[in-house]
Amino acid sequence: MGNGDRIDPWSSDQSTDYDRIIKQFGLETVDPSSLPNPGMLHRRGIVFAHRDLDVVVGCIQRSDPFGVLTGLMPSGRMHLGHSMVIDQVRWFQEQGADITVTVADLEALATRGTSLSEGRQTAISEYVHNYAALGLNPDTTNVYFQSSRPEVQRLAFTMGRRTNLSEFEAIYGFNGETNLAHVQAPLVQAGDIIHPQLDEFGGLRPIVVPVGIDQDPHLRLTRGITQKTNWFNVNARKDGGMTVALSVQADNASNLGILPGGKLDVGVRATIFDRIEAVLTELGFSDLLLNPKHGTIEIPGATLSDRSSIRMVLLALEREMGGMGLMPPCSTYHRFAVGMTGDKMSSSRPETTIFMDDEIEQMSKKVMRAHSGGQPTVEEHRRLGGDSSKDVAFQYLQFFFEPDDSILDDIRNNYESGRLLAGDVKQICTDMATEWLLDLKEKRDQWAGRLDEFLAPDAI
Ligand code: TRP
C-alpha cells in the first residue's frame with residue numbers, strides 16, 4: 001500500500017475523495033430515510049458514511065440502550081470544524097444514547113507535547129464549556145481524562161496483545177523512526193472506544209463513534225482487535241440461515257473444552273453447547289443443528305437481520321464464561337467543511353475557520369473575505385448564476401447556521417439562478433452566524449461555573 005492510500009489521523013492534509021475512501025475501506029453509505037428523525041447533517045448528506053449504524057438504529061427503534069463515545073484533542077481553540085461531531089453527539093443523545101467524552105490528554109502529550117495540566121485546562125475551558133453551550137445534556141454525559149482512567153490504559157495493553165508493528169505499519173505508516181509515545185496513542189484510543197462496554201461503565205451495549213474520516217484508521221484497528229477477541233463467530237451460511245462457530249484461542253482453549261494436549265474435553269464441550277442452545281432457544285430458535293465436535297451450531301431459520309441479536313446473547317454468554325465479550329464499535333463519518341479561504345480548515349490558520357468565541361467583527365471580516373462562487377461581474381452573475389458548491393458562505397449556512405432545509409433550498413436556487421449575488425449570500429451568512437455566535441456566548445455564560453456537572457467522578 002502506498003502512502004497516498006493511507007489515512008493519516010495526525011495530518012491536517014486530509015483526502016476529500018470520499019467515494020474512493022468508501023470503496024477502499026469498505027464503509028457503508030448513509031441513507032437518511034432509514035434514520036428516525038434524521039438531523040440536519042444527515043438530511044444534507046454531510047454525514048455520509050458509517051460502519052454498523054443499523055445496529056444503533058435498531059436500538060433507537062426498540063428503545064434499547066446504546067452509547068456514544070467521542071474524543072477531543074485538548075490543544076488549540078475550538079472552532080466550527082469541531083462542532084460537527086458535537087452536533088451528532090447531541091442528536092444521538094436526543095435519540096436515547098448515553099455519552100462518554102474522552103479528553104485525549106495522553107495523546108496530546110504523546111503527539112504534541114502538551115502537558116497534562118495544560119491539557120486539562122484547555123479541555124474544560126475551551127471544549128467542555130462549548131459542548132455545554134451546544135446543548136449536550138449533563139445528566140447523561142460523562143467527560144473523562146485518558147490519564148486518569150486506569151481501565152482504559154489496561155484495555156490498551158490487553159488489546160495490544162492482538163496486534164503488532166506490521167499492522168501498525170500498514171495502517172498508520174509507522175516506521176523505525178516513529179516515536180514510541182506515538183505508537184501507544186492508537187491503543188489508548190482503542191481502549192477509549194471499547195471501555196464504555198465494560199460492566200463498570202454501562203455494560204454490554206452498542207457504542208457509536210461519530211468522527212471525521214481522518215479517525216477511521218483507529219476504528220478499523222479497534223474493530224479488528226475486537227473481532228479477534230470474540231469467542232463465538234456468527235456468520236451467514238451459504239444456503240440460508242446462520243452458523244455460530246467457536247473461536248478457540250490460546251487464552252480461551254480450556255474454557256471452550258480443549259485439553260492442554262489439544263484433545264477435546266467432551267464433557268466441557270457438551271456443557272458449553274447446552275448453554276449456547278439455551279440462549280438461542282430463548283431467542284426463539286428451536287431448530288438447531290449442533291456439532292459439538294467441530295464447534296459449530298447451525299441455525300437454519302435465522303436471517304441476516306437476526307445476526308446482531310444472536311451476537312448480543314453470545315457476547316453476554318462469553319462474559320459469563322470469563323471472556324471480554326466485546327462488540328466492534330459502530331461509527332459515522334462526516335465530510336469536512338471547506339476552509340473559509342477555499343482550501344483546508346485549520347486551527348493554526350485562523351483565517352480559515354470561525355472559532356467558537358470569535359468576536360462578531362472578526363467573523364464578519366472572515367465571511368466577507370471568504371472564497372465565493374460568484375461570477376466576476378454582476379452582469380455575468382445575473383446571467384449565469386453563482387456556484388453554490390464553491391461558495392464558502394453558502395456552505396457554512398448548509399453545514400452550520402441555517403437549520404431550515406426549505407430556506408436553504410431557496411437561497412441555493414436564488415443564488416444559482418443569479419437573483420442573489422455572492423455579497424447577498426455573504427450577508428445572509430454573516431447575519432445567521434452572528435445570531436449563532438451570540439446565542440452560543442449567552443449559553444456559555446449560563447454554564448460558567450457549572451461545568452463539573454459534565455465531568456465523570458474520576459475527572460473531578
Ligand atoms: N484522536 C482524536 C483526535 O485527534 C482524539 C481521540 C482520542 C478520540 N480518543 C478518541 C476521538 C476516541 C474519538 C474517539 O482528535
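One-based numbering along the sequence shown. Indexing begins at 1, ligand by ligand and atom by atom, following the structure's order. Fair warning: this is a prediction, and the values are worked out from it, not measured in the lab.
If you check which protein heavy atom lies closest to atom 15 (O) of ligand 1, you get M73 CB, 3.9 Å. When only non-hydrogen protein atoms are considered, atom 8 (C) of ligand 1 lies nearest to Q189 NE2, 3.4 Å. Atom 13 (C) of ligand 1 has as its closest protein heavy atom G71 N, 3.5 Å. Scanning all protein heavy atoms for the shortest distance to atom 2 (C) of ligand 1 gives Q215 OE1, 3.3 Å.
Between D192 and ligand 1, a contact under 3.5 Å exists for at least one N or O pair. Considering both main-chain and side-chain atoms, T70 never comes within under 3.5 Å of ligand 1 through any nitrogen or oxygen pair. Polar contact check, H218 against ligand 1: no nitrogen or oxygen pair lies under 3.5 Å apart.
Between the E318 side chain and the W231 main chain, a donor and an acceptor come within less than 3.5 Å of each other.
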Go through F336 and H334 one step at a time and tell me if the ring pair (Phe, Tyr, Trp, His ring centres under 6.0 Å) criterion holds. CA-CA 6 Å; F336 291 107; H334 62 78; 5.7 Å; yes

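A salt bridge does not link R149 with D192: none of the charged nitrogens is closer than 4.0 Å to a carboxylate oxygen.
Close approach to L69 involves these atoms of ligand 1, each under 4.0 Å from a residue heavy atom: 12 (C), 14 (C). Within ligand 1, the atoms closer than 4.0 Å to a non-hydrogen atom of E107 are 1 (N), 2 (C), 4 (O), 5 (C), 6 (C), 7 (C), numbered from 1 in the order shown.
For the salt bridge (charged side-chain N to carboxylate O under 4.0 Å, His left out) criterion with D357, the lone passing option out of R77, K441, R444 is R77.
Contacts of Q121 classified as side-chain contact (heavy atoms from CB on, under 4.5 Å), with partners at least two apart in sequence or in another chain: S125.
Y172 and H218 have tilted rings, their planes meeting at an angle from 30° to 60° on a 0 to 90° scale.
Summarising the geometry, atom CD1 belonging to I60 is positioned 11.0 Å from atom CG belonging to D54; distances are rounded to the nearest 0.5 Å.
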